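Lettering follows sequence order; numbering is per chain, from 1. Keep in mind it's a predicted model, so treat the numbers as computed, not measured.
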2 protein chains.
Amino acid sequence: MTVSSLRSPVHADTLDAAFDVVRSEGLRLSATRRMVLQALFAADGPLTAERIATGLDGRFPPLEVASVYRNLETFESIGLVRHVHLGHGAGRYALTRAGEREYVLCEACGDARALPPAELDDVRAAVRAATGLDARFSHFPIVGVCATCREEGRRAHP
Amino acid sequence: MTVSSLRSPVHADTLDAAFDVVRSEGLRLSATRRMVLQALFAADGPLTAERIATGLDGRFPPLEVASVYRNLETFESIGLVRHVHLGHGAGRYALTRAGEREYVLCEACGDARALPPAELDDVRAAVRAATGLDARFSHFPIVGVCATCREEGRRAHP
DNA sequence: ATACTTGCAAATGATTTGCCAGTGT
DNA sequence: ACACTGGCAAATCATTTGCAAGTAT
């Protein structure tokens, strides 16, 4: 796998809907899988496997990281989950629930925003014109310096 | 460090010019450093530290990977070198010699292209309009599907 | 001479894998 | 019942670090 995920996103808007997706793929719905999904639904942004494994810092029972990785990979293969790289360090996983998300990261302040793809359609058109590529910013974010940091002359993260 | 490099690019178009840059920064020009730079100059694209350490598969004497990493980091800190992430796996390092480069990657065939920033100015303008960010595609590439792969219906890398 | 560098080994962080016991269907 | 999963330990990959010995200036 270069970078991309294999299947189109699956829109499971609720925990139960996600459970159904798992079952409908012929996969088993174990306690571990339920917890992973629950953590993903409870999160406000993409999570590292580590953070899921610690049950969002104790909010949920702890899991084996290896199992978390295995399940995230499984979920990714059926389009339920995607992962992004927000800078160096561990990848971050999120549900594709309300459709794909694309990311924008300020390298100066470290702030990351998730956007619905429609907001980047002009960017996509410009990329297409310049390179022929049909671009997607869901695996690697658009990296740059945000307006605020630019004004304050910030260039790199502390 | 989030993602970015610290200093503006240094244009050393020849090996000797690069040596001078190293010296002029008050750094020592060791045999190892000379070899790393030589490998980078001999390369056609960005290299992994591993590949530099093996002397481009035997074309040059082998080096310690740890030293290679240390030197690449040093060179990066003075703007002589930058590294990109082309998909998963090891980062790839290249000279900034002829100015910054930005990257475009097809996630279906794995093909990566390096472009002079000017070719992406329209993209940058679109990103600015959509997000306020001043974007750089030199650390994370623009990822998407190229025209050829799109026509052939390819979606993910073998 | 002396501070900067290297080599080598060991540590770290992220992710994967093997294997056998456990369990969802 | 039986194939799919989980736990746990160990392996792997990319990168970093500690420290004593070597060397550029």
Problem set entry | Length of the CG-P vector between A:N71 and C:dG24, whole Å | 13 Å
Problem set entry | B:G26 or B:A66, whichever maps to the more 5' nucleotide of DNA chain C | B:G26
Problem set entry | Base of C:dG24 paired with side chain of A:R33 (donor-acceptor, under 3.5 Å) | no
Exercise. To the side chain of A:R28, which of D:dC8, C:dG24, C:dT15 is closest?
Worked result: C:dG24
Problem set entry | Closest-nucleotide ordering on DNA chain D, the 5'-leading residue of B:Y69 and A:T32 | A:T32
Seminar exercise, completed: Closest non-hydrogen contact found for A:S138 with A:V84 is O-CG1, 3.3 Å
Exercise. Parallel, tilted or perpendicular: which fits the ring planes of B:H83 and A:H88, with parallel below 30° and perpendicular above 60°?
Worked result: parallel
For this session: Write down the distance between CZ (B:R34) and C1' (C:dT5), rounded to a whole number of angstrom.
Result: 13 Å
Seminar exercise, completed: When rounded to whole Å, the CZ to C1' distance for the pair B:F75 and C:dT5 reads 11 Å
Exercise. Base, sugar-phosphate, or nothing for A:L27, non-hydrogen atoms under 4.0 angstrom?
Worked result: sugar-phosphate
For this session: To the nearest 10°, let me know how far the axis at one end of the helix from C:dT12-D:dA14 to C:dT25-D:dA1 is tilted from the axis at the other, five pairs an end.
Result: 20°
Problem set entry | Residue pair A:D111 / A:T148, side-chain heavy-atom distance below 4.5 Å | no
Seminar exercise, completed: Rounded to whole Å, the CG-P distance (A:L72 to D:dG6) equals 11 Å
For this session: Find the distance A:E64:CD to C:dA21:C1' and express it as a whole number of Å.
Result: 14 Å
Exercise. Using a cut-off of 4.0 Å on non-hydrogen atoms, how would the nucleic acid contact of A:L63 be classed: base, sugar-phosphate, or nothing?
Worked result: nothing
For this session: Rounded to the nearest angstrom, tell me the gap between atom CZ in A:R23 and atom P in C:dG24.
Result: 12 Å
For this session: Decide yes or no, distance alone: a donor-acceptor N/O pair under 3.5 angstrom between the base of D:dG18 and the side-chain of B:R70.
Result: yes
Seminar exercise, completed: Taking every heavy atom of A:G144 against every heavy atom of B:L133, the minimum-distance pair comes out as N-CD2, 3.4 Å
For this session: Taking the side chain as every heavy atom from C-beta outward, state whether B:L80 and B:T74 have any atom pair closer than 4.5 Å.
Result: no
Exercise. Think A:S30 has a side-chain N or O under 4.0 angstrom from the OP1 or OP2 of C:dT23?
Worked result: no
Problem set entry | Nearest heavy atoms of A:L40 and A:R97, plus distance in Å | O-NH2, 4.5 Å
Exercise. Is the closest side-chain heavy-atom distance between A:I142 and B:F137 below 4.5 Å?
Worked result: yes
For this session: Identify whether any heavy atom of A:A49 sits under 4.0 Å from a base atom; if not, whether one sits that close to sugar-phosphate; answer base, sugar-phosphate or nothing.
Result: nothing
For this session: Return the value, rounded to whole Å, for the distance between atom CZ of A:R92 and atom C1' of C:dT15.
Result: 15 Å
For this session: Among A:R136, A:R124, A:R113, find the one that has a salt bridge (charged side-chain N to carboxylate O under 4.0 Å, His left out) with A:E102.
Result: A:R124
For this session: By nearest nucleotide on DNA chain D, pick out whichever of B:A31 and B:G91 is the more 5' one.
Result: B:G91
Problem set entry | Rounded distance (Å) that lies between atom P of D:dG6 and atom CD1 of A:I52 | 13 Å
